[in-house]
There are 2 protein chains.
Amino acid sequence: MDEAVIRSSPLFAELNDAGYLAIRERMTEHTFRRGEEIFHEGSPGDKLFVLGAGKVKLGHTAPDGREHLLAILGPGEILGEVSLYDPGPRTATATALAKTALVSLQHADLLRVLDARPEISQHLLRSLAQRLRRTNAAMADLIFSDVPGRVAKTLLDLGQRFGQPADGGLRVTHDLTQEELAQLVGATRETVNKSLAEFSNRGWLQLDGRSVVLLDIERLRRRGR
Amino acid sequence: MDEAVIRSSPLFAELNDAGYLAIRERMTEHTFRRGEEIFHEGSPGDKLFVLGAGKVKLGHTAPDGREHLLAILGPGEILGEVSLYDPGPRTATATALAKTALVSLQHADLLRVLDARPEISQHLLRSLAQRLRRTNAAMADLIFSDVPGRVAKTLLDLGQRFGQPADGGLRVTHDLTQEELAQLVGATRETVNKSLAEFSNRGWLQLDGRSVVLLDIERLRRRGR
DNA sequence: GGCAGACTGTGGCCCACGTCACAAGCTGCC
DNA sequence: GGCAGCTTGTGACGTGGGCCACAGTCTGCC
């Protein structure tokens with residue numbers, strides 16, 4: 001079960017069992033299948049989510065309908081916390097990329113915990129600060145790196161977070177279509193496809209549906225910077 | 001004097017006079033002239049700054065030496081707060097763009113205030129959350145807008161924050177060279193120059209050294225999206 | 001007042017990448 | 001099992017904008 005993942009998420013890890021149980025009973029469990037929306041841009045943001053299992057994409061749709069992904073989140077990660085600090089409608093849409101289990105918690109309930117245990121909010125703050133740094137790094141990449149470079153970097157990042165050793169390489173089950181990967185790196189599907197093909201026939205990785213096996217991490221890393 | 005600006009910055013506005021004076025005496029005043037560095041990427045980040053007057057650019061230098069600006073900050077704004085939440089070396093370099101007056105405050109001193117008045121930290125959190133939203137919007141622009149569009153948007157944004165009515169338009173003294181403006185929008189100086197020239201001879205704005213007068217805001221806005 | 005160094009203004013060349021257009025697999029549902 | 005609709009693979013073409021190379025203007029310093 002993924003209860004253990006929730007329990008040990010940074011948000012709750014420091015609570016003792018009694019404290020955790022008190023907050024746990026205010027949480028609601030949900031499951032989603034690929035393509036189902038967890039929340040939509042513009043809707044009121046009064047809840048926060050913690051992923052137990054699965055994967056979620058956080059995306060933003062431009063007025064002209066073009067879409068761009070802000071982040072991919074996995075087990076143990078927190079979702080929707082921005083509107084905890086800055087109340088108002090959601091500024092992004094969260095969609096499940098695979099079968100996903102998560103719990104939701106009303107902001108009000110969480111704030112009660114934070115009141116009692118202010119040191120926990122440090123974890124939330126740090127995660128927000130890190131998200132900001134990440135985003136800044138991504139912007140720098142958009143400006144300075146070409147598409148293959150961004151693809152390589154993104155795969156390495158996903159590999160570090162979700163990969164597991166297999167088949168003489170690092171298997172990364174990203175659950176993304178090439179279209180979604182393109183939206184994540186800020187390019188078109190076609191260009192991403194060609195970059196992947198290039199990496200593949202250099203033997204740096206091996207494509208396999210919605211996952212890849214990274215074979216030559218060192219070279220990918222060099223290509224990424 | 002710019003004391004009033006500091007006093008009414010979101011960080012301190014809610015304090016009563018006694019509370020403010022208590023923290024005020026832990027602050028140190030500094031002034032910088034154009035080009036002087038307030039802090040440098042990689043140095044230990046143990047202070048936070050509040051701008052009283054002037055303007056500051058926040059930039060990041062890539063390993064290959066190319067530079068990119070994250071934000072332009074003006075009077076009343078806070079600087080260096082990220083390392084308050086996520087301690088460690090500074091991840092950006094702050095440089096004065098004009099004659100700038102500011103005060104600095106050790107994190108430790110500020111944390112003492114926040115302990116006593118936790119509601120104040122809400123303001124800090126909100127400003128961080130807003131910074132994150134801003135950055136996300138900037139990323140979307142990098143992906144979806146062309147250079148002239150980003151230039152138009154950036155000028156409108158600066159205009160909204162620093163502009164004042166004059167000469168039948170909105171005068172924006174941005175204190176940026178075209179090179180710096182280019183680093184801010186993620187393009188080269190040459191392309192930015194050509195965009196500005198284009199806007200200028202369409203009569204949408206008027207160039208004037210390190211400031212511009214925005215004449216046709218409506219059209220600039222349309223160009224920006 | 002004159003020289004040095006920064007900044008602005010513009011044209012030419014070229015390539016990375018977006019757009020378009022299809023072909024070919026894969027998946028799943030009736 | 002077959003058709004419909006995703007998804008992947010790849011080639012042709014056009015162009016926005018980076019890079020280079022100057023010329024012209026502005027600023028401040030000796």
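A, B, ... follow the sequence lines: proteins, then strands. Residue 1 opens every chain. From a predicted model like this one, the values you see are computed outputs, not experimental measurements.
- Computed from coordinates, the B:Arg189 CZ to C:dC7 C1' distance equals 8 Å when rounded to whole Å.
- With respect to A:Glu198 and A:Arg202, a salt bridge is recorded, a charged nitrogen being found less than 4.0 Å from a carboxylate O.
- Taking atom CZ of A:Arg34 as the reference point, atom C1' of C:dC26 lies 14 Å away to the nearest angstrom.
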field: Chi angles and distances behind the side-chain contact (heavy atoms from CB on, under 4.5 Å) call for A:His174, A:Ile72
entry: CA-CA 9 Å; A:His174 49 63; A:Ile72 305 297; over 6 Å; no
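- Note that A:Lys55 lies in the cation-pi zone of A:Phe162, set by a 6.0 Å cut-off to the ring centre and a 45° limit from the axis.
- Protein atom CD1 of A:Ile143 is 17 Å distant from nucleotide atom C1' of C:dA16, rounded to whole Å.
- Side chain of A:Asp146, nearest nucleotide from C:dG9, C:dA16, C:dT19: C:dA16.
- Summarising the geometry, the separation between CG on B:Asn193 and C1' on C:dG12 is reported as 16 Å, rounded to the nearest angstrom.
- Nucleotide C:dG25 holds its C1' atom 12 Å from the CD atom of A:Gln178, rounded to whole Å.
- In this structure, B:Gln183 places its CD atom 14 Å from C1' of C:dC7, rounding to the nearest Å.
- Between B:Phe199 and B:Trp204, the ring planes are parallel. Angles under 30° get that label, and only those over 60° would be called perpendicular.
- Looking at heavy-atom distances under 4.0 Å, B:Arg150 makes no contact with the nucleic acid at all.
- Here the rule is side chain to side chain contact (heavy atoms under 4.5 Å, CB included) with B:Gln178, and of B:Thr188, B:Leu196, B:Thr191 only B:Leu196 fits it.
- A:Arg90 has no carboxylate O lying under 4.0 Å from a charged side-chain N of A:Glu37, or vice versa, which leaves the two without a salt bridge.
- When each of A:Thr191 and A:Arg210 is assigned the nucleotide of DNA chain D with its nearest heavy atom, A:Arg210 is the one assigned upstream, toward the 5' end.
- Look at CZ on A:Arg223: it is 11 Å from C1' on C:dA16, rounded to the nearest Å.
- The closest side-chain heavy-atom distance from B:His123 to B:Leu11 is not below 4.5 Å.
- With a cutoff of under 4.0 Å to any heavy atom of chain B, the contacted region of DNA chain D is bounded 5' to 3' by D:dG17 to D:dC20.
- Side chain of A:Glu190, nearest nucleotide from C:dG18, C:dA21, C:dT8: C:dA21.
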